[in-house]
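To find a chain, count down the sequence lines: A is the first, B the second, and so on, and within it residues start at 1. Just so you know, these numbers use all the heavy atoms, side chains as well, and skip hydrogens, waters and symmetry mates.
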2 protein chains.
Amino acid sequence: MPATPRRTGRPPVTSRPQILAAARALIDADGWEKLTVRRLAAELGIGPTTLYHHVRDKQDLLLLLLNEYAAQLPAPDLPDDPADRIVAAATAMHDALAGWPWAAEILTTDGFVGLLGDPALHLVDTIVGAAIAAGRTPAQAVTVFRSIWYYTVGEILVRAHSAGPAAYRDITFTGFDPARLPHLAAIGDQWPTLATTDTYPSGLRALVTGLLTP
Amino acid sequence: MPATPRRTGRPPVTSRPQILAAARALIDADGWEKLTVRRLAAELGIGPTTLYHHVRDKQDLLLLLLNEYAAQLPAPDLPDDPADRIVAAATAMHDALAGWPWAAEILTTDGFVGLLGDPALHLVDTIVGAAIAAGRTPAQAVTVFRSIWYYTVGEILVRAHSAGPAAYRDITFTGFDPARLPHLAAIGDQWPTLATTDTYPSGLRALVTGLLTP
DNA sequence: ACCTGAACACCGTTCAAGT
DNA sequence: ACCTGAACACCGTTCAAGT
């Protein structure tokens, strides 16, 4: 067999790295809802069907994008105290996802742990390890991670979907029946303001405290 | 003006209640991904465009469905102790959503509070009220609710998307590098089993405890 | 007043044929 | 070996025309 096998046939017009770069540019420019196979192909100046020679399908494309993004994330500072370490690792996950909310949607669409590369899993391992260091069994540590993951992914998804101008569009918060909904009526139109403030850190701290308290 | 205005023109072939019933039947039979305007119309034996005389658009249809579902939910038993009351109300929300996971997806797509009817908001009001009873300010009580909501909606969405046969399909949990991911490597193929167990109640209790502890 | 078909502007994906 | 157009099987929605 030759050391450099000579290539035959029609020359390629694109490559997987080129496709991933274009996909990322498209998401950053127009949002991830606009990333379609057909638009991406048009952006690259190729036929839509050509993409299928470089990625298996759209889901595969998204996973490649996700692992590429995770691999390039900076490693966070990790304190020694287990509780603080969990908070730091969870916050790093959260911040990474906050920048790329579409990633959170993909991560809910499958048993994600096995689909991610080492860099992303490092934070998972950190949280599990810190829970064990705090005296939990491995099984309990998985529960700790999963609870934190639910909270984190929920916050990201709600935030991502509330960001648009459509949120709270034709809603009056002053119409609550004080007899049936006394507390909501008392809060009234302050709710949108209160709902805008970032409560992820305080909620996370409360959750971790609760999870590590026997 | 006449007491019963006589109807003129072409007689209706369907009605909003009929459409909602058919939509619900379609979701229950084939899953909510299969609910499309065209399929629903076909099910009713009408043209797709006829639906638009009875509902504003698909989003409107889903919201009608959601409020109908919420209105018909049984009210949960609510204990006197504030922490227990929050847990009971959150569990009722969770169980309602677990039965209709697509609802969770809609609820993340907008500032949902203003789109729901009284029955669904009653549980929101209960949680906010219980947090106030536990000594929080109204603003803090909103934070308590939001944290619980993130955790709940995250659990529902992850669960809904992991339920299919596609989850964990071609994943080997034994391939973790023990040097880089020691705890995941130690847990190995026990992860899928551990991830299947329902940890919502214990995580919720931990979260509520943490949120109500100053 | 209500319904309809045609049309618009899209999707993801497959597959035989071409270079 | 790689690319392509045509085709399949769909979407949500609008709108002029019909009853």
Side-chain angles (χ1 to χ4, degrees), chain A residues 1-20 22-23 26-27 29-66 102 105-106 109-110 161 164 166, chain B residues 1-20 22-23 26-27 29-66 102 105-106 109-110 161 164 166:
Chain A
M1 48 177 165
T4 45
R6 59 179 156 130
R7 330 236 196 104
T8 61
R10 194 165 180 172
V13 292
T14 190
S15 63
R16 181 180 277 196
Q18 219 171 88
I19 290 168
L20 293 178
L26 212 161
I27 289 173
D30 298 340
W32 97 277
E33 306 81 5
K34 299 290 181 180
L35 177 66
T36 66
V37 172
R38 296 173 113 102
R39 274 176 76 103
L40 179 55
E43 206 79 22
L44 288 161
I46 62 175
T49 59
T50 305
L51 280 168
Y52 288 86
H53 290 274
H54 300 275
V55 296
R56 185 148 44 85
D57 52 21
K58 197 184 177 183
Q59 154 101 331
D60 184 43
L61 170 68
L62 294 172
L63 275 168
L64 289 169
L65 233 35
L66 197 67
W102 63 270
E105 316 224 22
I106 298 171
T109 64
D110 260 312
H161 289 141
Chain B
M1 47 180 167
T4 45
R6 59 182 157 128
R7 330 234 196 106
T8 60
R10 197 166 177 169
V13 293
T14 190
S15 62
R16 182 180 274 197
Q18 218 170 92
I19 289 169
L20 292 179
L26 213 162
I27 289 173
D30 299 341
W32 96 277
E33 306 81 5
K34 300 289 183 181
L35 177 67
T36 67
V37 172
R38 296 174 113 101
R39 275 176 74 103
L40 179 55
E43 208 78 21
L44 288 160
I46 63 175
T49 59
T50 304
L51 279 168
Y52 287 85
H53 290 274
H54 300 274
V55 295
R56 185 148 44 86
D57 52 20
K58 197 184 177 183
Q59 154 100 333
D60 184 44
L61 171 68
L62 294 172
L63 276 168
L64 290 169
L65 233 34
L66 197 66
W102 63 269
E105 316 224 22
I106 298 172
T109 64
D110 260 312
H161 289 142

Roughly how many Å apart are C:dA16 and D:dC3, using the C1' atom of each and rounding to a whole number? 13 Å
Identify the nucleotide, in any strand shown, that forms a Watson-Crick or G-U wobble pair with D:dC3, with both distances under 3.5 Å; if there is none, say none. none
Under 4.0 Å from OP1 or OP2 of C:dC3: is there any side-chain N or O of B:His54 that close? yes
Taken to the nearest whole Å, NZ/A:Lys34 to P/C:dA9 is 14 Å
Rounded distance in Å between the C1' positions of D:dC11 and C:dC8: 12 Å
Roughly how far, to the nearest 0.5 Å, is the CD atom of B:Glu43 from the CG atom of B:Asp30? 7.5 Å
Say you draw a straight line from OG1 of B:Thr14 to CD1 of B:Ile19; how long is it, rounded to the nearest 0.5 Å? 4.5 Å
Just name whichever nucleotide pairs with D:dC10, Watson-Crick or G-U, keeping both distances under 3.5 Å, else none. none
note: A:Asp60, atom CG; C:dG12, atom C1'; distance rounded to Å ~ 14 Å
Over how many whole Å does the gap from B:Lys58 atom NZ to D:dT13 atom P extend? 8 Å
Counting the atoms with a prime plus P, OP1 and OP2 as sugar-phosphate, which does A:Ser15 contact under 4.0 Å by heavy atoms, base, sugar-phosphate, or nothing? nothing
Expressed in angstrom and rounded to an integer, what is the separation of A:Asp57 atom CG from C:dC11 atom C1'? 14 Å
D:dA17 - base-pair partner by Watson-Crick or wobble geometry, distances under 3.5 Å: none
Taking the nucleotide of DNA chain C with the nearest heavy atom to each, does B:Arg38 or A:Arg10 sit closer to the 5' end? B:Arg38
Donor/acceptor link under 3.5 angstrom from B:Thr36 side chain onto base of D:dG12: no
Spatial distance of atom CG (A:Leu35) from atom CG (A:Leu65) [nearest 0.5 Å]: 7.0 Å
Provide, to the nearest angstrom, the distance between the CD atom belonging to B:Glu33 and the P atom belonging to D:dA9. 22 Å
Of the nucleotides C:dT14, C:dC11, C:dG18, which has the atom closest to the A:Thr49 side chain? C:dT14
As an exercise, state the distance from CG of B:Leu51 to CG of B:Asp60, rounded to the nearest 0.5 Å. 11.5 Å
How many Å lie between CG on A:Leu35 and P on C:dC11, as a whole number? 10 Å
Between P on C:dT13 and CZ on A:Arg56, what's the gap in Å once rounded to a whole number? 10 Å
Has the side chain of B:Arg39 got a donor or acceptor atom that lies under 3.5 Å from a matching backbone atom of B:Lys34? yes
Length of the line joining A:Leu51:CG and D:dT4:P, which is rounded to integer Å: 10 Å
